[in-house]
Amino acid sequence: MCVRCDRITDAPVVAEVHQNSGPGFHVYACRECAPGFPPVPDVLELFGGPYEGGRERGEREE
């Protein structure tokens with residue numbers, strides 16, 4: 001069922017919503033409503049990785 005218009009669809013667009021505690025959940029939208037939703041960012045990309053620029057964070061370049 002579409003989260004915006006409450007219509008049942010055979011071809012939903014699915015987004016996964018991550019949470020800081022507990023399991024995440026899926027959000028479904030029909031093809032007509034899906035373009036109105038902003039893209040959900042990947043949680044792992046929000047904070048960057050442990051290595052940036054080929055060295056660990058906080059490590060000085062000499």
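Not measured: the values here are computed from a predicted model. FYI, the numbering just counts along the sequence from 1.
A 4.5 Å side-chain heavy-atom check between Val13 and Arg31 finds at least one atom pair inside the cut-off.
Here the CG atom belonging to Asp6 is positioned 10.0 Å from the SG atom belonging to Cys30, to the nearest 0.5 angstrom.
Annotation for Val14: hydrophobic cluster partners, listed by chain and number, are Tyr28 (ILVMFWY side-chain heavy atoms under 4.5 Å, direct or chained).
Applying the salt bridge (Lys or Arg N to Asp or Glu O under 4.0 Å) criterion to Arg4, with sequence neighbours excluded, gives no partner residue.
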